[in-house]
Amino acid sequence: MDKKKRYFTLSVHQFVDFLFRVGDIDDRIYNQTTMQMGAKMHGSYQAKQGNQYQSEYPLSGKIEIEEGTIFLQGRADGLIVGGPYPVIDEIKTSIMPTKTFYEQQKQWHLSQALVYCYLYLLDHHETRMGVDLTYMSQIDSEDKMVKHFDYSASTIKEEVEAYARMYFEFFLEQEAHLDERDASSKSLAFPYQRFRAGQKELSKYVYGAISNGGILFAEAPTGIGKTLSALFPSVKSFAQKRVDRIFYLTAKQTGSLAAYQAMTQLYEAGLRCRDSVLVGKEKICLAPGCRCNPDSCPYAKGYYTKIKEIIKEVCKKTNRFDESTVLEMANKYQACPFEMQLDLSLFADVIICDYNYLLDPMVYLERYFEEGIDTSTDVFLLDEAHNLVDRSKDMYSVGLEFEEVEEAKKSLHGNGWRKLRKALKGFSDFLSTIPMDNQPTEIPCPKDELIGYIDAIRKAKTSEEKTTDVLPPEFTNL
């Protein structure tokens, strides 16, 4: 393939995180609670800046070099104008001391800001730009730090284009695979001598929906081979350059197995493709009961430093990123299998997974579906779509059991959890005022009051986790 034809569409986060993130998986630092708190602190900080500060500044553009083109899009936390030169402000919050956080991840953070500078310079003829790395502690309101840097436009261009060359160098093998995939897709024949009744018609409709765009609802009798009828025309579309990735989404494990077996049949018929099967964390975890941090789980230590080497080895070794492959590599490299399967999926052409990876607001795959990611060349095949009604209700509903709060409170022994015990007691006392009759109950208090109790628990938990190794198991139910 001509190098100049290589073209990637990525978010700035995808691009920079892949190249520069190192270190451990650590749920004490990166988790839903700290991310929510970080977003809240971001907004508060941005709101206090002056008129020269433009928050969440959208940027997009192309890095065009000899090896190919990378189209990037994202939002800078802040753009500061009105001074001698524009400044990109990159805000970072953490429960770590700000100096420690900066020293561990400065290359990652600074590179992200420089990419935003590069994108800004594509449309603005500046000779210099600045970068502010603004750090704030989620624990200590007095722990703040700003690191300032300034660069010539030529230095920014040189630096970011070097990043692009690093990215292309890693993806040379991926590009060769895509050429082979598309060629095999073009010559691929249906795996059997003849279609079953109804299969050919369904395949035509699927292919037509992919070619013309839109949504197809199909109802067909059990036993005609709907899975193969949907996957065959989908992978045939690779040859037409209409599809980059296929998601086969199921409600049950049997659906995933059927899709995996259908892909096996297509490989035997000549398809050269990569598939990834995503399974739940509780099924694939090698250290059940351990927290996801390097002090508790050996598979979390150095994960982000190891993962690029793992990806290279797996892509050379096999085209099937299934549970057995992931577990083999996890044991070899002492690396988290759950995160590994997600990172490997970026290099798969067909991803087989549960509905929730697309639809659940709490666990959907941000790497594919976050704001700004182009999904126009993705195909979504939803198996047994009648299950979506009940599954959607579950995804968007939250249950709270008074007994779980009580058990969690009682499980916290010792001085290490004094603040959290106090916060849980306040919440428990509040819940005890609500009539409990096993029926859905409208909480008789303003929404802000309920959030206040929950926020107090979050702050206490975040604060005391720094000095306490493991929460009692009763607390994990909350």
Side-chain angles (χ1 to χ4, degrees), residues 8-21 30 34-64 69-94 98 101-102 105-136 138 144-164 167 366-375:
F8 293 102
T9 298
L10 303 165
S11 70
V12 172
H13 270 293
Q14 283 179 317
F15 178 59
V16 176
D17 292 4
F18 181 80
L19 291 174
F20 296 110
R21 189 172 187 179
Y30 305 105
T34 58
M35 287 190 291
Q36 289 174 345
M37 184 60 177
K40 186 176 180 180
M41 292 176 67
H42 270 62
S44 177
Y45 174 84
Q46 290 166 329
K48 294 176 183 177
Q49 306 309 303
N51 293 333
Q52 295 179 335
Y53 193 98
Q54 300 179 46
S55 302
E56 301 300 322
Y57 191 83
L59 290 163
S60 62
K62 298 176 182 178
I63 306 174
E64 296 182 288
T69 299
I70 300 176
F71 178 79
L72 296 172
Q73 50 194 344
R75 290 180 179 272
D77 292 331
L79 171 68
I80 306 170
V81 295
Y85 46 73
V87 175
I88 293 291
D89 186 24
E90 191 62 31
I91 306 168
K92 302 296 180 185
T93 72
S94 176
T98 57
F101 193 40
Y102 167 74
Q105 300 292 354
K106 59 183 176 183
Q107 177 66 63
W108 180 25
H109 299 160
L110 186 57
S111 298
Q112 183 178 347
L114 283 173
V115 171
Y116 285 129
C117 288
Y118 182 94
L119 296 177
Y120 183 83
L121 288 170
L122 292 176
D123 295 322
H124 299 82
H125 301 292
E126 304 286 347
T127 58
R128 299 194 71 78
M129 282 198 72
V131 168
D132 281 352
L133 297 182
T134 300
Y135 292 87
M136 296 180 287
Q138 295 187 11
K144 299 178 181 178
M145 180 176 70
V146 178
K147 292 287 186 178
H148 180 77
F149 307 83
D150 64 85
Y151 300 88
S152 67
S154 59
T155 299
I156 293 170
K157 183 176 186 294
E158 181 181 333
E159 189 78 11
V160 174
E161 289 181 353
Y163 301 164
Y167 196 88
E366 291 187 7
R367 66 191 68 203
Y368 297 116
F369 310 126
E370 70 176 341
E371 182 182 358
I373 298 294
D374 181 12
T375 60

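Note that the structure is a prediction, hence the values are computed from the model and not measured.
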Donor-acceptor pair, side chain of Q14 and main chain of R367, under 3.5 angstrom: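 Such a contact is found between Q14 side chain and R367 backbone.
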Centroid separation F20 to Y163 less than 6.0 Å: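 Yes, they do, as the ring centres are separated by less than 6.0 Å.
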All salt bridge (charged side-chain N to carboxylate O under 4.0 Å, His left out) counterparts of [X], not counting sequence neighbours:
X: R21; answer: none
X: D150; answer: R128
X: K62; answer: none
X: K106; answer: E103

With [X], which residues qualify under side-chain hydrogen bond (donor to acceptor under 3.5 Å, both in side chains), at least two apart?
X: E90; answer: K92, Q112
X: Q107; answer: S111
X: D132; answer: H148

Any residue meeting side chain to side chain contact (heavy atoms under 4.5 Å, CB included) with K157, in chain and number order, not counting sequence neighbours: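 K157: side chain to side chain contact (heavy atoms under 4.5 Å, CB included) contacts with Y118, E161.
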Listed partners of S154 passing side chain to side chain contact (heavy atoms under 4.5 Å, CB included), at least two apart: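 Expected list: S152.
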Qualifying residues under ring pair (Phe, Tyr, Trp, His ring centres under 6.0 Å), relative to H124, sequence neighbours excluded: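 Residues passing ring pair (Phe, Tyr, Trp, His ring centres under 6.0 Å) with H124: Y120.
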By ring pair (Phe, Tyr, Trp, His ring centres under 6.0 Å) - contacts of F15 (at least two apart):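 Checked F15 against ring pair (Phe, Tyr, Trp, His ring centres under 6.0 Å); matches are Y167.
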Would you compute the distance between atom [atom1] of [X] and atom [atom2] of [Y] and round it to the nearest 0.5 angstrom?
X: M129; Y: F149; atom1: CE; atom2: CZ; result: 14.5 Å
X: Y151; Y: E158; atom1: OH; atom2: CD; result: 12.5 Å
X: E159; Y: C117; atom1: CD; atom2: SG; result: 11.0 Å
X: L110; Y: Y102; atom1: CG; atom2: OH; result: 7.5 Å
X: S44; Y: I91; atom1: OG; atom2: CD1; result: 10.0 Å
X: L10; Y: I70; atom1: CG; atom2: CD1; result: 6.0 Å

Pair E56-D77, side-chain contact (heavy atoms from CB on, under 4.5 Å): steps then yes or no: CA-CA 5 Å; E56 301 300 322; D77 292 331; 4.1 Å; yes
E126 vs L121, side-chain contact (heavy atoms from CB on, under 4.5 Å): CA-CA, chis, key distance, verdict: CA-CA 7 Å; E126 304 286 347; L121 288 170; 3.6 Å; yes
Residues M37, T93; criterion side-chain contact (heavy atoms from CB on, under 4.5 Å); working and verdict: CA-CA 8 Å; M37 184 60 177; T93 72; over 6 Å; no
Pair L79-D89, side-chain contact (heavy atoms from CB on, under 4.5 Å): steps then yes or no: CA-CA 6 Å; L79 171 68; D89 186 24; over 6 Å; no
Test item: T375 and F369 side chains (from C-beta on) under 4.5 Å apart, heavy atoms: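 A side-chain contact under 4.5 Å exists here.
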Y135 and H109 aromatic ring geometry - parallel, tilted or perpendicular at 30°/60° bounds: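 Rings of H109 and Y135: tilted, as their planes differ by 30° to 60°.
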Summary of salt bridge (Lys or Arg N to Asp or Glu O under 4.0 Å) pairs that have at least one residue in residues 34-46, sequence neighbours excluded: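 Matches after skipping sequence neighbours: K40-D455.
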Considering all heavy atoms, the nearest G61-L122 contact: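 Heavy atoms of G61 and L122 come nearest at CA-CD1, 3.8 Å.
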